[in-house]
Enquirer: 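Take a look at this one; I'll ask things after.
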Amino acid sequence: SPRAISYIEPRAKTRAEQRIAIPKAAERNAFLVSGARELFLVSPNGSLLRALIAKPSAVFMPLSLAKAYRSVEWRAGTVLNASLFLLANDSRLLQIKNGAVALDTALQLAEPLGNNVRLRGLDAAKRLAVLDGEHRRIIMLGLRGGIIWQYRHELFTDLRDIVETENGEL
C-alpha cells in the first residue's frame, strides 16, 4: 500500500478520517509539521511539500522556494500565526507566510545549537521556543527571530515539548 498520513479532524462531530498520500519522491527522513489548516512535509535536504487539510481531498504539493533554500538542511519546524517557521542546521530561522519567505534571519547565539533540537510555537505568548536538549537550554524567540531569553538547567536532558498556560506562562 502507498505511504500515507491518516488525519482525523478534531472539530468534526463524527469521526472523519482522511488519508493523505505521501509522494514517492518524499524522503523517508522527512519530518511533519502540522498547522490548523495545513500539513507540511519537510525534507532535511530542503524540499518542502504542503497539503491543505481544510479540503476534503488533500494532496501534498511542492511548495516553491527560491533556489538558495533548496539545499538548506532543515532541522525543526512549527506553525504559528498561520506561518511556517523552519530552523536550519546553520541556526537560520525561516518564516514562510502565504507560500512566500517572510523572514530569513540568523539566530545570534553565543553557542551553536546541539543535534537534538525542537522548535515549538507558543500561541498565547506569540513566541517561538527552541528546545536544545544537548546543551540543556530553552531559547525563547520573538516572531522576528530575536532572542528574548535563554534558560539553562541541569535537568533539561530530554527536551521534547513545552507547555504554555492560556496567559502565556510556561
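As the structure is a prediction and not an experimental result, all values here were calculated from the model. As a basis for the values below, the full set of heavy atoms in this structure was taken, side chains included, without hydrogen atoms, waters or symmetry mates.
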Enquirer: Between Asn81 and Ser83 (side chain of the first, backbone of the second, donor and acceptor by atom type, cut-off under 3.5 Å), is there such a pair?
Expert: no

Enquirer: Hydrophobic clusters here meaning ILVMFWY residues chained together by side-chain heavy-atom distances under 4.5 Å, can you tell me if Val33 and Tyr69 are in one?
Expert: yes

Enquirer: So which of Ile139, Val117, Ile138, Asn116 actually passes side chain to side chain contact (heavy atoms under 4.5 Å, CB included) with Leu131?
Expert: Ile138

Enquirer: Between Arg136 (side chain only) and Glu154 (backbone N and O only), is there a donor and an acceptor less than 3.5 Å apart?
Expert: yes

Enquirer: Can you name the one residue among Leu94, Leu143, Ile96 that meets side chain to side chain contact (heavy atoms under 4.5 Å, CB included) with Phe85?
Expert: Leu143

Enquirer: If you round to the nearest 0.5 Å, how far is CG of Asn115 from CG of Asp132?
Expert: 9.0 Å

Enquirer: Out of curiosity, does Val42 fall in the hydrophobic cluster containing Val101 (side-chain heavy atoms, cut-off under 4.5 Å, transitive links)?
Expert: yes

Enquirer: What heavy-atom pair brings Arg152 and His135 nearest, and what distance separates the two atoms?
Expert: NH1-O, 3.1 Å

Enquirer: Using a 3.5 Å distance criterion without hydrogens, assess whether the side chain of Ser91 forms a donor-acceptor pair with backbone atoms of Leu107.
Expert: no

Enquirer: Indicate the atoms forming the closest heavy-atom contact of Arg144 with Thr105, along with that distance.
Expert: O-CG2, 3.7 Å

Enquirer: When you group the ILVMFWY residues by side-chain heavy-atom contacts below 4.5 Å and let the links chain together, are Trp74 and Val79 in the same group?
Expert: yes

Enquirer: If you draw a 6.0 Å radius around OH in Tyr151, do more than 12 non-hydrogen atoms from other residues or ligands fall strictly inside?
Expert: no

Enquirer: Which of these passes side chain to side chain contact (heavy atoms under 4.5 Å, CB included) with Val130: Leu87, Leu109, Leu93, Ile147?
Expert: Leu87

Enquirer: On a heavy-atom basis, which atom in Pro112 and which in Arg137 lie closest, and how many Å separate them?
Expert: O-NH2, 3.0 Å

Enquirer: Looking only at heavy atoms, which two atoms of Gly77 and Phe31 are closest? And how far apart?
Expert: N-CE1, 3.6 Å

Enquirer: Quick one: are Met140 and Leu122 in side-chain contact, heavy atoms under 4.5 Å?
Expert: yes

Enquirer: Look at the side-chain heavy atoms of Ile, Leu, Val, Met, Phe, Trp and Tyr, link any pair under 4.5 Å apart, and say whether Leu32 and Leu49 land in one connected group.
Expert: yes

Enquirer: Which distance, rounded to the nearest 0.5 Å, do you find between the OG of Ser34 and the CG of Leu84?
Expert: 10.5 Å

Enquirer: Roughly how far apart are Arg127 CZ and Leu80 CG, rounded to 0.5 Å?
Expert: 11.5 Å

Enquirer: Measuring from Leu141:CG to Leu128:CG, what's the distance to the nearest 0.5 Å?
Expert: 5.5 Å

Enquirer: Is there a donor-acceptor pair closer than 3.5 Å between any side-chain N or O of Arg120 and the backbone N or O of Thr78?
Expert: no

Enquirer: What pair of heavy atoms forms the shortest contact from Lys97 to Ala102, and how long is it?
Expert: CB-CB, 4.2 Å

Enquirer: Which is it for Leu86 and Phe40 under the side chain to side chain contact (heavy atoms under 4.5 Å, CB included) test, yes or no, and what are the steps along the way?
Expert: CA-CA 11 Å; Leu86 294 172; Phe40 295 94; over 6 Å; no

Enquirer: Are the side chains of Ile20 and Val59 in touch, meaning some heavy atoms are under 4.5 Å apart?
Expert: no

Enquirer: Val72 and Ala88: which non-hydrogen atoms are nearest, and at how many Å?
Expert: CG1-CB, 3.5 Å

